[in-house]
Chemist: 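Before anything else, here's the structure in question.
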Amino acid sequence: MSQQADSSLRDPTGPLVLGTTVGLRTKDLLGIGDLSSEEILLILDTAEAMKEVGTRPIKKVPALRGRTVVNLFFEPSTRTRMSFEIAEKRLSADTLNMTASGLSVVKGETLVDTVRNLGAMAPDLIIVRHASAGAGHVVARLCSAGVINAGDGMHEHPTQALLDALTIRQHKGRFDGLKVSIIGDLLHSRVFRSNLLLLQKLGADVCACAPTTLMLSGMNRFGVRSTTSVDEAVDGADVIMLLRIQLERMRGHFIPSLREYFQRFGMTTDRLRLAKPDVIIMHPGPLNRGVEIASEVADGPYSVILEQVANGVAVRMAVLYLLAGGHQG
Amino acid sequence: MVAEQLARTVIRMAHEIVERHHSLESLALIGVRTRGVPIAKRLSVALEKISGTSVPTGALDITLYRDDLMRYPVGPQPILRKTEIEFSIDDRRILLVDDVLYTGRTIRAALDALIDFGRPRSIELLVLVDRGHRELPIKADYVGKNVPTSLRESVQVRLMETEGQDEVVIEEDEPAS
């Protein structure tokens, strides 16, 4: 544990004289694509330490006292928003929540104007979710606050991939050579993109499985095995990650019917037989029971879905803590 | 201080602890990360040899309670390590263990952190080296060695568990350029 943190040490050139210091290279966390594998492991190690805070009688530490964090959610979210909010509160930050319905965007204000006004109020960190890819980058350019991308369109959702990685590491203890099969609506999934980038950086063997209509074009360029056969994806898998069929993002006909999708791709106990005996089943939520996953699997012994949710708080605390130190370079 | 002296100092302090406590039943040692933890473990071994009582030990990371965390708006963050206290501290006599006592700010943070875990009956402080220059009203109950230092010097405690050797040395800091 501590050795892993040591290996990711940068030169302690910062102003803190006592002790050893670490930080991410950027003031923002916009995507897994920007992180090195050392930075990913640093976040995971920090999250391991943060998990303990949630087990205390008083689940609060003063680390981010006096810091203001704005949760700017232009898209609906339950898990991610609550998870960030709990993480912020456990670190004693002052939090502000803004959701699309309460924002001036409904009065016609643009994202740029909303963020400029917000920036003028000098928050320290902004958590942003938006339906457009790159929204986080726009916000980061417009204000000096650190920005955490909580999902931008079909682009990235870095904290989800990080909490998935923490869950995998807790169960498997490694990433190298691990067979991770990601099955579902790959085309519309930012979770898939972030997970693919992260797992490849850490040396996992990723297999992507979807109907051809929900596959990304040019999948080969990602250096990932892809298949339309669920049995092939499940065969020998250490980790199976199921993704939600995102009907709200589908413009056009991608699948004949939800029922047919379940018959061809839905994860059932029967299909799981081909996987490794210690396989874990993951899902970023919200679940479509009886579409991408059968209830018996979602609530079954291999499911770690609720652990993912618990780890989400720790990972977000870690990211908030590491970014609160600001920009190193 | 070389390995032999360091070992003797730990044994001596263990005897002092036994001397001051009627019973070690409700005592628990909590080491401050990083080097307080191995010192606490060595004390626990020594205490068991002397009294036959096994004293539980825990590890406390005070990073999230540091008073300089938010002082610099820009800069890297101290590494966060795991706090491991696997027993309830309620109504226990806690002996906080650290390697070097200097400004007292670490101990202030450790006291705040401990209180978040419960309400101990008492908290005492044990340090291997007291180098002076306190900035807060904090005093150790057990001191391995008083080492008067100048502000330009730094006291380095190296332990087998963390650095591969046991020694305490005073180093002259390089002058700020």
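Keep in mind the model is a prediction, meaning the values are calculated, not measured. Every chain is numbered from 1 and lettered A, B, ... according to where its sequence line falls, protein lines coming before strand lines. Note: hydrogens, waters and symmetry copies are ignored here, and every other heavy atom, side chains too, is used.
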Chemist: Using a cut-off of 6.0 Å, state whether more than 12 heavy atoms not belonging to B/E4 lie near its atom CD.
Modeler: no
Chemist: Given a strict heavy-atom distance threshold of 4.5 Å, which part of A/K59 is in contact with chain B: side chain, backbone, both, or neither?
Modeler: neither
Chemist: Where do A/E48 and B/K82 come nearest, in terms of heavy atoms and distance?
Modeler: O-CE, 3.8 Å
Chemist: Could you note down all residue pairs passing salt bridge (charged side-chain N to carboxylate O under 4.0 Å, His left out) where residues 110-119 of chain B supplies at least one of them, sequence neighbours left out?
Modeler: B/R108-B/D112
Chemist: Is the NZ atom of A/K172 crowded by more than 12 outside heavy atoms at less than 6.0 Å?
Modeler: yes
Chemist: Is the number of heavy atoms from other residues, nucleotides or ligands under 6.0 Å of B/R12 CZ greater than 12?
Modeler: yes
Chemist: From A/R65 CZ over to B/L64 CG, what is the distance, rounded to the nearest 0.5 angstrom?
Modeler: 12.0 Å
Chemist: Please classify the contact of B/T63 with chain A as side chain, backbone, both or neither, using a heavy-atom distance under 4.5 Å.
Modeler: side chain
Chemist: CG of B/L80 to CG of A/D45: how many Å apart, nearest 0.5 Å?
Modeler: 10.0 Å
Chemist: Please check if the side chain of B/Q77 supplies one atom and the backbone of A/L323 the other of a donor-acceptor pair under 3.5 Å.
Modeler: no
Chemist: Please report the C-alpha distance between B/E84 and A/E52 in whole Å, then the side-chain angles of each, then the deciding distance to 0.1 Å, and finally whether the side chain to side chain contact (heavy atoms under 4.5 Å, CB included) criterion is met.
Modeler: CA-CA 8 Å; B/E84 288 164 301; A/E52 179 271 323; over 6 Å; no
Chemist: Any chance NZ of B/K139 has more than 12 other-residue heavy atoms, nucleotides or ligands included, within less than 6.0 Å?
Modeler: no
Chemist: Hey, does A/I58 have a side-chain heavy atom less than 4.5 Å from the side chain of B/F117?
Modeler: no
Chemist: Are more than 12 heavy atoms, taken from residues, nucleotides or ligands other than A/K51, located less than 6.0 Å from that residue's NZ atom?
Modeler: yes
